[in-house]
Amino acid sequence: MNPNEAANREARRAALLGQLSAAEAALRSNLDLGCADVTARVHMQRALAHIQEAEVAINGLRRARTV
């Protein structure tokens with residue numbers, strides 16, 4: 001892999017992490033509102049867990065769960 005490919009890959013990785021971070025922030029703010037019904041709240045909590053797992057997998061900090 002040449003330096004340009006490595007830089008491009010890192011830029012894509014950083015962009016993806018930024019998007020995941022924005023999605024996580026949006027879900028957290030919706031959960032803090034407390035006005036969603038139980039079913040919607042459970043789905044948002046599950047989505048938040050999936051986003052966190054994706055961040056773990058992308059960062060490679062520890063072993064992420066398989067899908």
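- Here the CG atom belonging to Asp37 is positioned 9.0 Å from the NE2 atom belonging to His43, to the nearest 0.5 angstrom.
- To the nearest 0.5 Å, atoms CG (Leu27) and NE2 (His50) are separated by 11.5 Å.
- Within 6.0 Å of CZ on Arg13 lie more than 12 heavy atoms contributed by other residues, nucleotides or ligands.
- Val38 shares a hydrophobic cluster with Val42; the chain of contacts runs through ILVMFWY side chains whose heavy atoms sit under 4.5 Å apart.
- Among residues two or more places apart in sequence or in another chain, the side-chain contact (heavy atoms from CB on, under 4.5 Å) test is passed with Glu24 by Arg28, Leu48, Ile51, Gln52, Glu55.
- Shown here are the side-chain hydrogen bond (donor to acceptor under 3.5 Å, both in side chains) partners of Glu5, two or more places apart in sequence or in another chain: there are none.
- The line from CG of Asn4 to CZ of Arg9 is 15.0 Å long, rounded to the nearest 0.5 Å.
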